[in-house]
Amino acid sequence: MAGHSEERAILVGLDLTSRSHRGSITRGGAEPDTHGAEESLDEMKALADTAGARVEETIVQSRQAPDSATLIGSGKLDELRRLVNFHAADLVLFDAELTPTQLRNLERALDCKILDRTQLILDIFARRARTREGQLQVELAQLNYLLPRLAGRGAEMSRLGGGIGTRGPGETQLETDRRGIYRRIKKLNDQLESVRGGRGTQRRQRQSVPLATIALVGYTNAGKSTLFNRLTGAAVMADARMFATLDPTVRHLTLPSRRKVLASDTVGFIRNLPTTLVKAFRATLEEVTEAALLLHVVDASSPSAPQHTARVFEVLAGIGADQTRQILVLNKMDQMETAGNDTESLAQRIMGEVKAGARTETIPVSARTGGGFSELLQAIDQALPLDPVSRQRFLIPAGEGALIHLLHEHAKVLSSQYRGEVLEVEVEVPESVKRRLSRYLAE
């Protein structure tokens with residue numbers, strides 16, 4: 001089956017020569033991308049590889065404005081048709097967001113599967129989502145995106161064999177009428193509200209003891225999951241492919257001050273992230289917006305590090321997290337070339353690209369070797385709201401199991417012994433927990 005082997009793909013990019021149209025393809029009229037189509041195409045190739053496609057050839061069309069009927073115009077379409085036949089391509093990937101009309105016309109002209117950037121990312125999300133909420137969100141995003149494009153999907157969706165672009169809701173649902181899809185969307189929304197209610201309860205339970213939360217954010221493949229694993233001792237999948245981490249993972253982290261905090265790993269961002277997909281990030285983005293501190297992880301070895309950092313700042317601003325305090329973690333320092341890539345100049349270039357004059361500390365580390373981690377932990381300790389740790393003795397009734405568990409979970413127990421119906425326990429405890437149990441403090 002096609003889903004079990006690489007699909008042959010032709011990649012199509014559009015380089016707009018008119019400044020007034022740059023950015024309108026994928027970001028609804030955003031600011032012009034000064035780095036052009038080349039980097040975006042490289043990223044699209046990485047997305048295709050993640051989805052399981054082998055890009056046989058790439059073509060780029062330079063135009064003043066996108067063609068309303070086919071995006072690339074009739075001349076380039078003829079060239080593309082010949083390439084599809086020559087390579088016996090299974091699909092054509094467009095590094096743009098196609099309109100329903102463009103999708104329908106391209107499918108008819110090329111007689112093969114057509115996917116745009118958004119559909120490709122959604123396909124990867126469908127493969128990578130592990131939690132129930134993530135799976136529901138991806139299916140909902142796919143249905144909402146494909147609903148206005150159903151008229152152009154007949155030939156493609158009649159094909160058997162699945163493959164890239166057919167994961168998630170699948171063929172049978174896209175062949176049903178609009179009314180059936182609307183019903184499915186309503187059902188998905190109801191299920192999501194139920195799942196979110198359970199996650200909200202879990203968050204409130206975590207917040208019953210006011211532990212500070214830090215969230216790792218950054219461009220995709222910056223090394224966030226490797227950094228997270230080394231910080232927390234977790235075993236989150238660290239993969240060079242894009243969107244290896246889609247569902248949020250939360251773990252405890254003990255700081256040098258012996259305070260415990262919660263650390264959350266999140267999905268990596270990419271350039272030209274379609275707004276349609278932000279909802280599919282909801283679970284992981286909620287962890288970002290509620291965090292007390294963001295560890296903004298940057299691949300310091302990448303020549304595009306300043307631009308990638310600027311993209312992440314844009315996304316954070318879009319979800320209202322740009323005012324949250326950040327530590328810029330310059331990762332992969334072990335891979336940086338010595339000449340011309342010192343930390344100070346890199347940090348200056350990044351801040352120049354961001355333009356916002358964001359006051360943030362920069363810490364160079366290597367998640368692979370562990371270099372710089374002691375400095376990073378100290379920086380986290382200093383940046384988080386104060387919750388000093390002190391040694392205290394509590395006398396807790398033996399029947400108060402929840403309070404005893406609270407101490408074991410959020411303080412360092414030094415000694416404990418029962419004296420009749422009372423547990424005498426000596427602990428190193430954060431101030432916030434001490435205040436909560438103040439009535440049980442020993443004189």
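None of these values were measured; they are calculated from a predicted model.
Remark: E428 engages R258, R391 in a salt bridge (Lys or Arg N to Asp or Glu O under 4.0 Å) (not counting sequence neighbours). Qualifying side-chain hydrogen bond (donor to acceptor under 3.5 Å, both in side chains) partners for Q61, counting only residues two or more places apart in sequence or in other chains: none. With sequence neighbours left out, the side-chain hydrogen bond (donor to acceptor under 3.5 Å, both in side chains) criterion links E424 to R393, R419. Legend: residues meeting side chain to side chain contact (heavy atoms under 4.5 Å, CB included) with A305, ordered by chain and number and at least two apart, are V298, L346. With sequence neighbours left out, the salt bridge (Lys or Arg N to Asp or Glu O under 4.0 Å) criterion links R368 to D334. For S304, the side chain to side chain contact (heavy atoms under 4.5 Å, CB included) test picks out E39, S302, Q307, H308, with sequence neighbours left out. A search for side-chain hydrogen bond (donor to acceptor under 3.5 Å, both in side chains) contacts involving Q191 returns nothing, not counting sequence neighbours. Contacts of H252 classified as side-chain hydrogen bond (donor to acceptor under 3.5 Å, both in side chains), with partners at least two apart in sequence or in another chain: none. Looking at residues two or more places apart in sequence or on another chain, you find no side chain to side chain contact (heavy atoms under 4.5 Å, CB included) involving S374. Every residue meeting the side chain to side chain contact (heavy atoms under 4.5 Å, CB included) condition with T70, not counting sequence neighbours, appears here in chain and number order: D67, I72, L77, N105, L106. The salt bridge (Lys or Arg N to Asp or Glu O under 4.0 Å) test applied to K260 returns no partner, not counting sequence neighbours.
At a threshold of 4.0 Å, the pair K187-E139 does not count as salt-bridged, since none of the basic side-chain nitrogens sits closer than that to a carboxylate oxygen. Residues K113 and D90 are not paired through a salt bridge, judged by the lack of any N-O separation under 4.0 Å between the basic side chain and the carboxylate.
Going from atom CG of L231 over to atom CG of L377 covers 6.0 Å, rounded to the nearest 0.5 Å.
Sorted by first and then second residue, the salt bridge (Lys or Arg N to Asp or Glu O under 4.0 Å) pairs with a member in residues 294-304 read D299-K332; sequence neighbours excluded.
Each of N331, V329, V297 was scored for a side chain to side chain contact (heavy atoms under 4.5 Å, CB included) with K224, with one residue passing: V297. None of I363, I380, V217 except one satisfies the side chain to side chain contact (heavy atoms under 4.5 Å, CB included) rule with L295; the exception is I380.
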### Task
Could you walk me through whether K45 and D49 pass the salt bridge (charged side-chain N to carboxylate O under 4.0 Å, His left out) test, one step at a time?
CA-CA 6 Å; K45 288 178 184 176; D49 177 66; over 6 Å; no
